[in-house]
Chemist: 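For reference, the structure I am asking about is given below.
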Amino acid sequence: MNVLDSYLCGKLRNYRAFGGDRNVQSYEEDEACAFIAVVMLIRQAINTKLFYCRQEIGDRPFTSAREQRTKNTKRTQEIIPESEEDGAPKPPVPVRFLEGRVLQLNFVSTWGDPYYLGLTGLEVLGPNSERIPLSYNMLTACPADLNDLPELIDGTNVTTSDEHMWLVPFTDGQDHLLTIDMGLNTPLVCLKFWNYNKSTDDSFRGAREVHVKLDDRIISPQEGFLLRKGQLLNCPGNVHFDHGQEIHLIKNPKENSASDVKTVDVERRSASKVNLKKLMPDYEPTLMPCGFVFQFQLFSSWGDPYYIGLNGLEFYDENGYQIRLTENNITAFPHSVNVLEGVKDDARTPDKLIDGINDTKDGRHMWLAPILPGIINFIYVVFDEPSTVSMVKVWNYSKTPMRGVQQFGLLVDDLLVYHGILPQVPSVTRGILPNLDIPIPHHTVLFTDQEQIALAEGKNVLSNKGGEQDIQLTNDKRVVSHYNEPKSTGKTVDPALRPKTSVLTFQKKR
């Protein structure tokens, strides 16, 4: 019994001594007596519990949330993959490569020309994507080339000049060999081709299928590798982007495992179809276009005569899964506002279209380009292998809605698959709720009749309803009536009056 218990017992005895004399004690003293008694009972219960705990503590097994360590054991730590820890990037995957000395390329077809076959450039890349040096002495062509063979490896690949291209006679059904003897065993990862593109007509001379051997061992698929056709030029003598195509000699094993996981879901999705005429009564869409180059042609904005832009793009494969795009997959012509004199380091470049931040009014996550006289604006999404697309989601420019795309067309390998109007982002007046952010809507160009995909995007699907057009009525070759679209009857745009615009990327200080 400690000091507190002794004090409480003494007080309780004093109150009990006068308990029977109501003249001496008051009701307040009775209440105090009862309170002291309750406190004593609580303390007695606590002390009893602690006593039994002390008696049994020696038999209780050891337990702790922390790791038990002894002098003779070392502390072990569970290895957590970087991809699961605080969103850190995945560890680098070891690069797989082939090793050999003699590389043989057999071109068996062109893109349509029956007489000639050619290339603009060729590079051989090693495990670190480094360019393996090639010299003229390493190369042999059969049949003999019409242009000098060294032009194929001179490094001038983004060009329309045939002085930097390789050309040989073509005969259907025969081999057209290009042999590279590197002198010693060399690790190889991929080949990079720039196809023949002297002009639009001459692009049909480009190689289409190639079979590859390394030291007499076939390393290409049975059908060979399919090469992308040379870029069709919309402006004579002007190449809009680096059209080099990388052919990987060994596929990433993760790609195959990912497709296996989706097999069950794919079978379920493809089982049911939807009537697209009810969903899109205006036109009959192209189903599942497949190609290398998806080209957006932007014909007009929503009123701004100097600039045109978009917030974002997303592509989806034939099973409805988003296709991951990188900076190497997308470009534009004109590239961005950085092509203008006096504009430098503007953040609104084509790679922002695929950064995944589309529902925003932050200009650092958008693309903007100038509208130049006599030139159509283009956006290119380029793949190294033929890609099938079920739908494309588009977010229009929201920072200044008048600069958003209005009329546009979508071509796949230069074949038109869609033409229509992209709705303008609604302008919201911040009045009653100044802090309310209204979502930026996306619009979908649909290329599939799979029910699950089509119905999910039903409210966002674009139609190809055109806008108002200029109409002229004639009678016996005499104009009797003429209608002009109001938006197109403005004055000629003066490039000298182009307003300045700039959005810089602010880097965080370390």
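These numbers were taken from a predicted model, which means no experiment stands behind them.
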Chemist: Is the closest side-chain heavy-atom distance between Ile357 and Trp395 below 4.5 Å?
Modeler: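 In short, these two side chains do not touch, never coming nearer than 4.5 Å.
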Chemist: Treating Asn319 as the side-chain partner and Tyr321 as the backbone partner, does any N or O pair qualify as donor plus acceptor under 3.5 Å?
Modeler: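 Between the backbone of Tyr321 and the side chain of Asn319 there is no qualifying donor-acceptor contact (under 3.5 Å).
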Chemist: How long is the straight-line distance from CG of Leu105 back to CG of Leu122, given to the nearest 0.5 Å?
Modeler: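 Here the interatomic distance stands at 6.5 Å.
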Chemist: Looking only at heavy atoms, which two atoms of Pro334 and Leu372 are closest? And how far apart?
Modeler: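 What the structure gives for the nearest pair is CG-CD1, 3.8 Å.
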Chemist: Using 0.5 Å steps for rounding, measure from the CE atom of Met366 to the OG atom of Ser336.
Modeler: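 Result: 15.0 Å between the selected atoms.
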Chemist: For Pro386 versus Cys290, what's the shortest heavy-atom pair and its separation?
Modeler: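 What the structure gives for the nearest pair is CB-SG, 3.8 Å.
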Chemist: Begin with the C-alpha distance, continue with both residues' side-chain angles, and end with the deciding distance and a verdict on side-chain contact (heavy atoms from CB on, under 4.5 Å) for Leu119 and Leu152.
Modeler: CA-CA 7 Å; Leu119 288 175; Leu152 185 62; 3.6 Å; yes
Chemist: Kindly indicate whether the side chain of Phe296, heavy atoms from C-beta on, has any atom under 4.5 Å from the side chain of Val392.
Modeler: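 Side-chain contact under 4.5 Å: yes.
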Chemist: For Thr110 and Asp113, does a side-chain donor sit closer than 3.5 Å to a side-chain acceptor?
Modeler: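 Absent: no donor and acceptor within the cut-off.
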Chemist: Can you check whether Thr448 reaches Met288 side chain to side chain, under 4.5 Å on heavy atoms?
Modeler: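 Yes. Closest side-chain heavy atoms under 4.5 Å.
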Chemist: Give a yes or no on whether the backbone of Arg403 and the side-chain of Ser301 come within a donor-acceptor separation of less than 3.5 Å.
Modeler: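 Such a contact is absent between Ser301 side chain and Arg403 backbone.
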Chemist: Between Trp302 and Leu422, is there a donor-acceptor pair closer than 3.5 Å when you use the side chain of the first and the backbone of the second?
Modeler: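 Indeed, once roles are kept as given, a pair shorter than 3.5 Å links the two residues.
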Chemist: Can Leu298 and Ile376 be said to form a side-chain contact (heavy atoms from CB on, under 4.5 Å), step by step?
Modeler: CA-CA 6 Å; Leu298 314 180; Ile376 297 176; 5.6 Å; no
Chemist: Taking Asn128 for its side chain and Glu130 for its backbone only, find out whether a donor-acceptor pair lies under 3.5 Å.
Modeler: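 Such a contact is absent between Asn128 side chain and Glu130 backbone.
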Chemist: Once you round to the nearest 0.5 Å, how far does NE2 of His443 lie from CD1 of Ile421?
Modeler: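 If I round to the nearest 0.5 Å, the distance is 12.0 Å.
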Chemist: Roughly how far apart are Leu103 CG and Leu249 CG, rounded to 0.5 Å?
Modeler: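 CG of Leu249 is found 7.5 Å from CG of Leu103.
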Chemist: Would you confirm whether Asp413, through its side chain, and Val293, through its main-chain N or O, come within 3.5 Å as a donor-acceptor pair?
Modeler: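 Judged by distance alone, yes, a pair lies under 3.5 Å.
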Chemist: Can you list the steps and then say if Ser199 with Asp202 is a side chain to side chain donor-acceptor pair (under 3.5 Å)?
Modeler: CA-CA 5 Å; Ser199 65; Asp202 290 330; 3.1 Å; yes
Chemist: If we ignore hydrogens and angles and just use 3.5 Å, is the side chain of Arg205 paired with the main-chain N or O of Leu167 as donor and acceptor?
Modeler: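 No; zero donor-acceptor contacts below 3.5 Å.
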Chemist: Which residue in the set Leu462, Leu310, Asn358, Leu353 passes side chain to side chain contact (heavy atoms under 4.5 Å, CB included) when paired with Val394?
Modeler: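 Per the side chain to side chain contact (heavy atoms under 4.5 Å, CB included) rule, the option paired with Val394 is Leu310, out of Leu462, Leu310, Asn358, Leu353.
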Chemist: Using a 4.5 Å cut-off on heavy atoms from C-beta on, say whether the side chain of Leu227 contacts that of Glu209.
Modeler: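 Glu209 does not reach Leu227 side chain to side chain.
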Chemist: Work out which heavy atom in Thr159 is nearest to a heavy atom in Ser161; give both atom names and the distance.
Modeler: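 The pair with the smallest heavy-atom distance is OG1-N, 3.0 Å.
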Chemist: Considering all heavy atoms of both residues, which atom of Ser109 and which atom of Leu117 are nearest to each other, and what is their separation?
Modeler: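 That would be O-CD1, 3.7 Å.
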Chemist: Could you give the side-chain donor-acceptor pairs of residues 187-195 under 3.5 Å, partners two or more places apart or in another chain?
Modeler:
from: Trp194; atom 1: NE1; to: Asp242; atom 2: OD1; distance (Å): 2.7
from: Asn195; atom 1: OD1; to: Ala207; atom 2: N; distance (Å): 2.9
from: Asn195; atom 1: ND2; to: Ala207; atom 2: O; distance (Å): 2.8
from: Asn195; atom 1: ND2; to: Arg228; atom 2: O; distance (Å): 2.7

Chemist: Is a side-chain N or O of Asn311 found less than 3.5 angstrom from the main chain of Thr360, in a donor-acceptor match?
Modeler: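 Answer holds: yes.
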Chemist: Within 45° of the ring axis of Trp111 and under 6.0 Å from its six-membered ring centre, is that where the NZ or CZ of Arg208 lies?
Modeler: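 Because its charged atom sits under 6.0 Å from the ring centre and within 45° of the axis, Arg208 does stack over Trp111.
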Chemist: If the condition is side-chain hydrogen bond (donor to acceptor under 3.5 Å, both in side chains), which residues does Ser300 pass it with, not counting sequence neighbours?
Modeler: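 Applying side-chain hydrogen bond (donor to acceptor under 3.5 Å, both in side chains) to Ser300 gives Gln406.
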Chemist: Set out, in order, the CA-CA distance, both residues' side-chain angles and the distance that settles side-chain contact (heavy atoms from CB on, under 4.5 Å) for Phe378 and Phe333, then state yes or no.
Modeler: CA-CA 5 Å; Phe378 296 90; Phe333 180 86; 4.2 Å; yes
Chemist: Any side-chain to backbone donor/acceptor pair from Asp359 onto Pro439? Under 3.5 Å, distance only.
Modeler: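 A pair under 3.5 Å: no.
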Chemist: Is the backbone N or O of Glu318 less than 3.5 Å from a side-chain atom of Gln450, with the two atoms forming a donor-acceptor pair by type?
Modeler: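 Yes: the side chain of Gln450 pairs with the backbone of Glu318.
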Chemist: Go through the steps to decide whether Val381 and Thr331 satisfy the test side-chain contact (heavy atoms from CB on, under 4.5 Å), and finish with yes or no.
Modeler: CA-CA 7 Å; Val381 178; Thr331 188; over 6 Å; no
Chemist: Nearest 0.5 angstrom please: Leu504 CG to Lys344 NZ, how far?
Modeler: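 Taking CG in Leu504 and NZ in Lys344, the distance rounds to 11.0 Å.
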Chemist: I'd like to know if the side chain of Asp154 pairs up with that of His164 as donor and acceptor (distance under 3.5 Å, no hydrogens or angles considered).
Modeler: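 Yes, side-chain donor-acceptor contact under 3.5 Å.
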Chemist: Please identify each residue that fulfils salt bridge (charged side-chain N to carboxylate O under 4.0 Å, His left out) with Glu314, with sequence neighbours left out.
Modeler: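 For Glu314, no residue satisfies salt bridge (charged side-chain N to carboxylate O under 4.0 Å, His left out) once neighbours in sequence are set aside.
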Chemist: Check Val445 against Phe447 and note the closest heavy-atom contact, atom names and distance.
Modeler: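 Here Val445 and Phe447 meet closest at CG1-CZ, 3.3 Å.
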Chemist: If you measure only the distance, is there a donor-acceptor pair under 3.5 Å linking the side chains of Arg348 and Tyr397?
Modeler: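 Yes, Tyr397 and Arg348 have a side-chain donor paired with an acceptor closer than 3.5 Å.
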Chemist: Check whether any side-chain heavy atom of Val425 lies under 4.5 Å from a side-chain heavy atom of Ile440, and answer yes or no.
Modeler: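 Side-chain contact under 4.5 Å: yes.
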Chemist: Among Leu411, Asn377, Ile379, which one satisfies side chain to side chain contact (heavy atoms under 4.5 Å, CB included) with Gln297?
Modeler: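 When Leu411, Asn377, Ile379 are each tested with Gln297, the side chain to side chain contact (heavy atoms under 4.5 Å, CB included) holds only for Leu411.
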Chemist: What orientation do Phe383 and Phe315 show, parallel under 30°, tilted 30 to 60°, or perpendicular over 60°?
Modeler: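 Phe383 vs Phe315 ring planes: perpendicular.
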Chemist: Could you check if a side-chain atom of Glu151 sits within less than 4.5 angstrom of a side-chain atom of Met165, using non-hydrogen atoms only?
Modeler: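 The answer is no, as the side chains (C-beta and beyond) never meet within the 4.5 Å cut-off.
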Chemist: Measuring from atom OG1 of Thr501 to atom CG of Leu340, what distance do you get when rounded to the nearest 0.5 angstrom?
Modeler: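 Result: 9.5 Å between the selected atoms.
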Chemist: Check whether Phe292 forms a cation-pi arrangement with Lys229 (NZ or CZ under 6.0 Å from the six-membered ring centre, at most 45° off the ring normal).
Modeler: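 No, a cation-pi geometry is absent between Lys229 and Phe292.
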Chemist: Okay, side chain of Asp304, backbone of Tyr307: is any donor-acceptor separation there less than 3.5 Å?
Modeler: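 Confirmed, Asp304 side chain pairs with Tyr307 backbone.
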Chemist: Please evaluate residues Thr326 and Asn329 with respect to the criterion side chain to side chain donor-acceptor pair (under 3.5 Å), reporting the C-alpha separation (whole Å), side-chain torsions for both, the decisive distance (0.1 Å), and the verdict.
Modeler: CA-CA 5 Å; Thr326 67; Asn329 294 114; 3.1 Å; yes
Chemist: Could you report the tightest heavy-atom contact between Gly409 and Phe299, atom names first, then the distance?
Modeler: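 Answer, listing the atom of Gly409 first, then Phe299: N-CE1, 3.6 Å.
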Chemist: Test side chain to side chain donor-acceptor pair (under 3.5 Å) on Thr120 and Asn197; report intermediate values, then the result.
Modeler: CA-CA 7 Å; Thr120 298; Asn197 66 328; 3.3 Å; yes
Chemist: Any heavy-atom pair between the side chains of Val168 and Tyr116 that's under 4.5 Å?
Modeler: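 They are not in contact (no side-chain heavy atoms under 4.5 Å apart), so the answer is no.
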Chemist: Less than 4.5 Å apart, side chain to side chain, heavy atoms only: is that true for Leu497 and Tyr306?
Modeler: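 Heavy-atom side-chain distance check passes, below 4.5 Å.
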Chemist: Test side chain to side chain donor-acceptor pair (under 3.5 Å) on Thr444 and Glu457; report intermediate values, then the result.
Modeler: CA-CA 7 Å; Thr444 305; Glu457 292 295 322; 2.7 Å; yes
Chemist: Are Tyr418 and Phe408 close enough, and set up right, to give a ring pair (Phe, Tyr, Trp, His ring centres under 6.0 Å), and what steps lead you there?
Modeler: CA-CA 8 Å; Tyr418 178 81; Phe408 76 102; 5.5 Å; yes
